[in-house]
Amino acid sequence: RSRILISIGESFGSADKFQKINEMVSSTDWSLKRRLDGGSAPKPLKRL
Amino acid sequence: RFPALQREVSELTEAEEKLDELINKCSLQLRLLTEDTHNKKLGYVRCQDLRNTVNPPDQIIMVIRAPPETQMQVSEPSEGYQISLKSSKGPIDVFLCPED
Amino acid sequence: AQECRNLELEKQKRLERIRQKRAQLEELILQQIAFKNLVQRNQASEALSQSTPPPGSVIQLPFIILNTDVRTVIDCSISSDKCEYLFNFDNTFEIHDDVEILKRMGMSLGLENGTCSPENLSVATSLVPKSLEAYVT
């Protein structure tokens, strides 16, 4: 399993800090997988 | 070719040192700017600002305000994605931007 | 010939480092302009409305945002001291920091992608110290 660890909490860090994370996440489209598996409809959204 | 190359390398050395100096100056200016009390108070955005920056606008927008050096780990478990946040310098604030 | 080859290598390395440092300096200048612009915008809107926004209605920098489709199911576990969070998503999402959001709000006046109008260019140069004006232009 791939994983990315970064430090947050400071303003004005390096510009491309989240680029790798966004690329990793968008490269595996789980919702597409769920649709392909004919997975059940999404459970009701939980509120924070 | 040799003396010409020597001249080029020394000019590049000067240019790099000048850039280092400007980067240090700019980093200091930015830190002083963001730490200034007046600017700190006025350094905010509204939920509507955030909604205007995502496409499509009717998404879930989660805002995370964390103390410095908070560790964020994004891992790809078997199904979906997992994000863990761990702070050693105080509580982390997470909230959802209201849709309206 | 060997010495020339060494110098040529040294020259290429320096050129690459200068390229990276110029990009870093430009990003720092953009961030400075975006932050000053945001402060000025908020100051002007508070002066106009003669009031400060109610607490809790604004998001103070620094922050990061995570956006995902409205149908995404998010499971969230929080430790009692709010120092640890665990989120599980069943759909893709994006994460952006405050600098990226300020750029998308137009606070860096289009300098980040070369769409800066002449009027905005003069605003941008007025927001940085004299020594950096040349870099803005």
Side-chain angles (χ1 to χ4, degrees), chain B residues 1-2 5-6 8-9 12-13 15-16 19-20 22-23 25-27 29-30 33-34 38-47 49-50 52-54 56 58-66 68 70 72 74 77 79-95 97 99, chain C residues 3-4 7-8 10-11 14-15 17-18 21-22 24-25 28-29 31-32 35-36 38-39 42-43 46 52-53 57-70 72 74 76 78 81-96 98 101-102 104-105 129 131-132 135:
Chain B
R1 238 162 62 79
F2 189 75
L5 277 170
Q6 269 183 322
E8 280 185 70
V9 168
L12 289 174
T13 308
E16 188 175 1
L19 273 172
D20 288 336
L22 280 171
I23 286 171
K25 193 195 286 187
C26 228
S27 303
Q29 281 167 2
L30 195 55
L33 200 64
T34 51
H38 173 73
N39 290 337
K40 233 180 186 144
K41 203 167 65 69
L42 286 163
Y44 59 76
V45 296
R46 300 170 190 280
C47 281
D49 290 325
L50 298 183
N52 294 339
T53 64
V54 294
D58 66 337
Q59 296 188 53
I60 296 174
I61 298 178
M62 187 192 286
V63 181
I64 300 172
R65 298 202 67 247
T70 297
M72 168 187 263
V74 181
E79 175 60 31
Y81 272 92
Q82 196 167 72
I83 295 182
S84 70
L85 299 174
K86 198 167 281 188
S87 156
S88 55
K89 296 195 172 175
I92 302 166
D93 272 336
V94 177
F95 52 92
C97 255
E99 279 84 357
Chain C
E3 282 174 8
C4 274
L7 268 183
E8 192 59 51
E10 173 67 15
K11 177 182 154 188
R14 282 193 184 276
L15 281 170
R17 278 209 303 271
I18 284 175
K21 287 178 178 178
R22 277 186 72 90
Q24 186 187 355
L25 179 63
L28 282 167
I29 293 172
Q31 293 179 6
Q32 190 174 135
F35 183 73
K36 282 186 177 176
L38 177 74
V39 167
N42 291 338
Q43 197 158 14
E46 285 188 16
T52 55
S57 70
V58 294
I59 298 136
Q60 221 66 41
L61 268 63
F63 63 83
I64 60 175
I65 76 156
L66 183 151
N67 55 285
T68 182
D69 185 278
V70 71
T72 302
I74 306 172
C76 172
I78 310 175
D81 61 0
K82 288 180 61 178
C83 287
E84 288 192 52
Y85 284 71
L86 189 62
F87 298 101
N88 279 298
F89 294 79
D90 75 341
N91 198 346
T92 54
F93 54 79
E94 284 178 3
I95 304 181
H96 298 291
D98 39 21
I101 296 303
L102 293 189
R104 291 186 180 188
M105 287 167 59
S131 57
L132 296 173
Y135 279 90

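Residue numbers start from 1 in every chain, and the chains themselves are labelled A, B, ... in the order their sequence lines are given, proteins ahead of strands. Owing to the predicted nature of the structure, the values given are computational and were not obtained by experimental measurement. Note: hydrogens, waters and symmetry copies are ignored here, and every other heavy atom, side chains too, is used.
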Is it the side chain or the backbone of B/Thr34 that comes within 4.5 Å of chain C heavy atoms, both, or neither? both
Given heavy-atom pairs under 4.5 angstrom as the criterion, report whether the side chain, backbone, both or neither of B/Glu8 touches chain C. side chain
Given side chains that start at C-beta, do those of C/Ile78 and B/Val94 come closer than 4.5 Å, heavy atoms only? no
Could you have a look at C/Asn42, C/Asn67, C/Val39, C/Leu25 and say which one has the most heavy-atom pairs with chain B under 4.5 angstrom? C/Asn42
Among C/Ile65, C/Leu28, C/Ile64, which has the most heavy-atom pairs under 4.5 Å with chain B? C/Ile64
Heavy-atom pairs under 4.5 Å with chain C: which of B/Leu30, B/Leu33, B/Asp93 has the most? B/Leu33
Which residue out of B/Pro91, B/Ala15, B/Ser27, B/Gly43 racks up the most heavy-atom pairs below 4.5 Å with chain C? B/Gly43
Heaviest contributor of heavy-atom pairs below 4.5 Å to chain B, chosen from C/Leu102, C/Leu66, C/Thr52, is C/Leu66
Between C/Glu94, C/His96, C/Gln24, who has the most heavy-atom pairs with chain B when the cutoff is under 4.5 Å? C/Gln24
Considering only heavy atoms, which portion of B/Lys25 lies under 4.5 Å from any heavy atom of chain C: side chain, backbone, both, or neither? side chain
Please examine the side chains of C/Phe35 and C/Leu61, heavy atoms only from C-beta on, and report whether any two atoms are closer than 4.5 Å. yes
Worked verdict on C/Ile74 versus C/Phe93 for side chain to side chain contact (heavy atoms under 4.5 Å, CB included): CA-CA 11 Å; C/Ile74 306 172; C/Phe93 54 79; over 6 Å; no
Got more than 12 heavy atoms from elsewhere within 6.0 Å of NZ, B/Lys86? no
Working for side chain to side chain contact (heavy atoms under 4.5 Å, CB included), residues C/Ile59 and B/Phe95: CA-CA 10 Å; C/Ile59 298 136; B/Phe95 52 92; 3.7 Å; yes
Mark yes when over 12 heavy atoms from residues, nucleotides or ligands other than C/Arg22 sit less than 6.0 Å from its CZ; otherwise mark no. no
Contact leader toward chain B among C/Leu86, C/Leu15, C/Ile29, C/Asp69, where contacts are heavy-atom pairs under 4.5 Å: C/Leu86
Do the side chains of C/Asp90 and C/Thr72 get nearer than 4.5 Å, heavy atoms only? yes
Option that, when pairs with chain C are counted at under 4.5 Å, heavy atom only, ranks first among B/Asn52, B/Thr70, B/Val74, B/Asn39: B/Asn39
Look at B/Asp49, B/Val54, B/Val63 and state which one has the largest set of heavy-atom pairs under 4.5 Å with chain C. B/Asp49
Is there side-chain contact between C/Phe63 and B/Leu50, with heavy atoms separated by less than 4.5 Å? yes
Relative to chain B, which segment of C/Leu132 carries a heavy atom at a distance below 4.5 Å: side chain, backbone, both, or neither? side chain
Within 6.0 angstrom of C/Glu46 CD, more than 12 heavy atoms from elsewhere: yes
